Amino acid sequence: MNRELSDIIAMVEAGQLDLILQAAQEIEEAWLRSWVLRDIAKAMAEAGQFDRALQAAQRIEYASDRSEAFTEVAIAMAKAGQTEEANQAFQFALQAAQKLEDAWGRSWTLREIAEATAKAGQFDLALQTAQKIEVAEFRSWALCDIAEAMAEAGQFDHAFQAAQKIEDAKDRSQALSGIAKALAEAGQFDLALQIAQKIENESAGSWALSDIARAMVEAGQFDRALQVAQKIESAWSRSWALTEVAAAMVKAGQTEEANQVFQLALQTAQKIEDAEYRSEAFAEVAIAMAEAGQIDRALQIAQKIEDTLERSYALEEIAAAMAKAGHFDRALQVAQKIESPWYRSYALAGVATAMAKVGQMERSNQVFQTALQAAQKIEDPLNRSYAFAEVAAVMAKAGQMEEANQAFQLALQTAQKIGNAKYHSYALNYTSKALAQVGQIDRAVEVAEMIDDPIERLQALAAIIAAKQKAGKGEAGKE
């Protein structure tokens with residue numbers, strides 16, 4: 001690119017949108033120029049600059065990017081209540097999509113437009129767009145999205161009619177699952193159950209019943225939720241649903257009943273044949289029990305989890321629950337025993353943060369250093385860089401800026417040693433975003449300018465601009 005990132009950020013802050021467009025036009029590569037103009041159009045639309053957003057979209061050479069830009073502008077217009085203007089922008093998106101020569105690409109783009117128009121409440125246009133899709137798979141996918149959007153808008157009859165038009169059985173099942181969920185969330189449990197019974201795909205049917213049980217729990221209908229959860233065919237989904245019911249019972253003070261349901265969830269998890277899914281289910285039960293204050297039982301369950309990463313994840317969450325309750329010594333013991341260095345570093349950082357919140361700054365700093373030592377043991381340099389940046393951001397949010405800066409430096413040093421160009425850019429992007437999130441904008445820009453990959457560099461730029469705008473709104477709110 002012919003402009004530095006810092007120059008473009010300055011243009012955004014000054015509202016110099018014409019100059020931003022000019023800078024984009026200076027990009028030599030046509031594909032990248034289209035990509036940038038698409039994102040500029042989206043940013044302008046989100047800022048309410050609809051006329052300029054449309055101007056930016058019209059300058060895009062690649063039809064797919066131009067269609068996507070017009071779609072994003074239309075969505076923003078619809079949210080702002082400019083229905084007529086949004087419809088016109090959607091028409092521009094459709095015109096651009098129709099110019100795509102490849103049937104697959106044209107169908108994919110039309111699917112995206114159909115989904116967007118449905119979410120904007122333009123259901124007639126969404127259905128018309130779906131009918132233009134040539135690839136049957138994408139047409140079914142679009143109709144599924146439309147049916148779910150209709151259901152979320154309370155148009156249950158129309159949603160069911162749209163679902164019936166779906167050719168693919170799996171997509172049709174997914175649509176019906178979405179309708180059942182929307183009905184349940186609207187309190188229409190009997191109708192939701194009737195729809196769930198029509199679902200052909202076992203997985204979608206299990207998710208539908210899980211969503212219905214969850215809605216019943218939120219409505220305080222624990223007994224009925226339990227009955228529905230026990231009807232779920234998939235042992236994995238049934239275990240998750242039972243865990244949610246039990247957790248809700250604890251919050252409602254029904255501790256004895258919750259323990260019985262937790263036991264049901266464990267028994268169900270034990271029946272899961274796939275070891276990975278079985279480990280996930282046990283981890284969720286352990287975490288829910290820890291959050292319910294049943295730490296000893298949670299630890300017993302976590303230790304039995306077969307998969308190392310799932311076991312580490314569960315122990316990290318249990319340590320967090322202990323720290324939240326002020327049990328720092330025990331939380332520290334659990335965190336230090338976690339096998340995965342990634343989860344161990346994150347768990348230790350969480351304990352350190354909890355200590356800082358109650359004023360134990362010296363001890364907090366010591367634990368943060370231990371977290372960095374754990375991160376140092378991560379073998380993969382990309383993940384090691386991620387972990388350093390993650391811990392650094394947590395340190396900064398805890399008010400330990402000097403130590404955070406040192407940790408960010410470790411992230412950068414690790415990133416710079418990565419030989420793979422793609423992963424090198426990933427690591428720098430991650431660190432740049434982390435710096436921006438904690439308010440270190442200038443340093444974030446410096447890191448972003450080190451990124452070789454143009455897309456990763458632009459993503460870092462977008463994150464920096466968003467962080468600056470968020471910080472600006474925060475300051476304005478204090479005045």
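On a predicted model such as this, the values are computed, not experimentally measured, just so you know.
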> Of Thr83, Leu54, Asn87, which meets side chain to side chain contact (heavy atoms under 4.5 Å, CB included) against Met77?
Replying inline: Leu54
> Any Lys/Arg nitrogen of Arg139 or Asp145 sitting under 4.0 Å from an Asp/Glu carboxylate oxygen of the other?
Replying inline: no
> Just by modelled atom types, is the Ala69 backbone N or O under 3.5 Å from a matching donor or acceptor in the Arg38 side chain?
Replying inline: no
>> I'd like to know if the side chain of Ser312 reaches the main chain of Ser340, judged simply by a donor and an acceptor atom lying under 3.5 Å from each other, with no hydrogens or angles considered.
In response: yes
>> For Lys42, I'd like to know if atom NZ has over 12 heavy atoms of other residues, nucleotides or ligands within 6.0 Å.
In response: no
> What's the verdict on side chain to side chain contact (heavy atoms under 4.5 Å, CB included) for Leu372 and Ser345, showing C-alpha distance, side-chain angles and the deciding distance?
Replying inline: CA-CA 6 Å; Leu372 291 173; Ser345 69; over 6 Å; no
> Yes or no on side chain to side chain donor-acceptor pair (under 3.5 Å) for Trp240 and Glu244, after CA distance, side-chain angles and deciding distance?
Replying inline: CA-CA 6 Å; Trp240 277 58; Glu244 288 191 81; over 6 Å; no
> How close do Ala151 and Phe156 get, heavy atom to heavy atom, and via which atoms?
Replying inline: O-CE2, 3.3 Å
> Do any N or O atoms from the side chain of Arg66 and from the backbone of Ile60 form a donor-acceptor pair under 3.5 angstrom?
Replying inline: yes
>> Can you classify the ring geometry of Trp104 versus Phe138 as parallel (below 30°), tilted (30 to 60°) or perpendicular (above 60°)?
In response: perpendicular
> Taking atom CG of Asp102 as the centre, does the number of heavy atoms from other residues, nucleotides or ligands within less than 6.0 Å exceed 12?
Replying inline: yes
> Out of curiosity, Leu110 CG to Leu94 CG, how far, rounded to the nearest 0.5 Å?
Replying inline: 6.5 Å
>> Test your reading of the model: is there a side-chain donor-acceptor pair from Arg214 to the backbone of Ala241, 3.5 Å cut-off?
In response: no
>> If you define the side chain from C-beta out and look only at heavy atoms, does anything of Arg106 sit under 4.5 Å from Ile133?
In response: no
>> I'd like to know if the side chain of Ser279 and the backbone of Asp307 have a donor-acceptor N/O pair within less than 3.5 Å.
In response: yes
> Mind checking whether Leu191 and Gln194 have side chains closer than 4.5 Å, heavy atoms only?
Replying inline: yes
> Hey, what do you get for OH (Tyr430) to CZ (Phe388), rounding to the nearest 0.5 Å?
Replying inline: 13.5 Å
> Taking the side chain from Ser425 and the backbone from Asp453, do they hold a donor-acceptor pair closer than 3.5 Å?
Replying inline: yes
> Mind checking whether Tyr277 and Trp236 have parallel, tilted or perpendicular rings, split at 30° and 60°?
Replying inline: tilted
>> With salt bridge (charged side-chain N to carboxylate O under 4.0 Å, His left out) as the criterion, how do Asp190 and Arg224 come out once you've worked through the C-alpha distance, each side chain's angles and the decisive distance to 0.1 Å?
In response: CA-CA 11 Å; Asp190 291 333; Arg224 198 172 183 194; 2.5 Å; yes
> Under a 4.5 Å cut-off applied to non-hydrogen side-chain atoms, are Leu193 and Leu209 in contact?
Replying inline: yes
>> Nearest 0.5 Å, please: how far is CG in Leu176 from NZ in Lys198?
In response: 8.5 Å
> Just by distance, do the side chain of Ser206 and the backbone of Glu202 share a donor-acceptor pair under 3.5 Å?
Replying inline: yes
> Looking at Gly178 and Glu148, what are the two nearest heavy atoms and their distance?
Replying inline: CA-CG, 4.1 Å
> Closest approach of Ala163 and Ala147, non-hydrogen atoms and distance?
Replying inline: N-CB, 4.1 Å
> Is the closest side-chain heavy-atom distance between Ser385 and Thr431 below 4.5 Å?
Replying inline: yes
> Would you say the side chain of Val394 lies within less than 4.5 Å of the side chain of Phe368, judging by non-hydrogen atoms?
Replying inline: yes
> Any idea which heavy atoms bring Ala269 and Ser239 closest together, and the distance?
Replying inline: CB-OG, 3.7 Å
> Roughly how far, to the nearest 0.5 Å, is OH of Tyr423 from CG of Asn429?
Replying inline: 15.0 Å
>> Is there a side chain to side chain contact (heavy atoms under 4.5 Å, CB included) between Gln98 and Lys132? Walk through the geometry before answering.
In response: CA-CA 10 Å; Gln98 296 288 14; Lys132 294 177 182 177; 3.7 Å; yes
>> Using side-chain heavy atoms (C-beta onward) and a distance below 4.5 Å, is Gln459 in contact with Glu456?
In response: yes
> Just wondering, do Pro454 and Trp31 contact through their side chains at under 4.5 Å, heavy atoms?
Replying inline: yes
> With a 4.5 Å limit on heavy-atom distance, are the side chains of Arg443 and Phe408 in contact?
Replying inline: yes
> Is Ser34 reaching over with its side chain to a backbone N or O of Ala30, donor-acceptor style, under 3.5 angstrom?
Replying inline: yes
>> Please give me the minimum heavy-atom distance between Ala229 and Leu242, naming the atom from each residue.
In response: CB-CD2, 4.0 Å
>> For Leu435 and Glu446: C-alpha separation, side-chain torsions, deciding distance, then whether side chain to side chain contact (heavy atoms under 4.5 Å, CB included) applies.
In response: CA-CA 10 Å; Leu435 283 162; Glu446 289 174 9; over 6 Å; no
>> Return the CZ to CD distance between Arg384 and Gln413, rounded to the nearest 0.5 Å.
In response: 11.0 Å
> Does a sphere of radius 6.0 Å around CD in Glu61 hold more than 12 heavy atoms from other residues, nucleotides or ligands, not counting ones at 6.0 Å or beyond?
Replying inline: yes
>> Atom CG of residue position Asp380 - does it have more than 12 heavy atoms of other residues, nucleotides or ligands inside 6.0 Å?
In response: yes
> Does a side chain donor of either Trp141 or Glu137 reach within less than 3.5 Å of an acceptor in the other side chain?
Replying inline: no
> More than 12 heavy atoms of other residues, nucleotides or ligands under 6.0 Å from OH of Tyr346: is that the case?
Replying inline: no
>> Treating Ser107 as the side-chain partner and Val135 as the backbone partner, does any N or O pair qualify as donor plus acceptor under 3.5 Å?
In response: yes
> What closest approach, in Å, do Ile451 and Ala460 show between heavy atoms, and which atom pair accounts for it?
Replying inline: CD1-CB, 3.9 Å
> About how many Å separate CE of Met150 and CZ of Phe123, when rounded to the nearest 0.5 Å?
Replying inline: 6.0 Å
> Is the backbone of Ala444 close enough, under 3.5 Å, to the side chain of Ser432 for a donor and an acceptor to pair up by distance?
Replying inline: yes
>> Please determine whether a side-chain nitrogen of the Lys or Arg among Arg111 and Glu115 lies less than 4.0 Å from a carboxylate oxygen of the Asp or Glu.
In response: yes
>> Apply side chain to side chain contact (heavy atoms under 4.5 Å, CB included) to residues Leu412 and Leu428 and explain how you reach the verdict.
In response: CA-CA 7 Å; Leu412 284 172; Leu428 290 174; 3.8 Å; yes
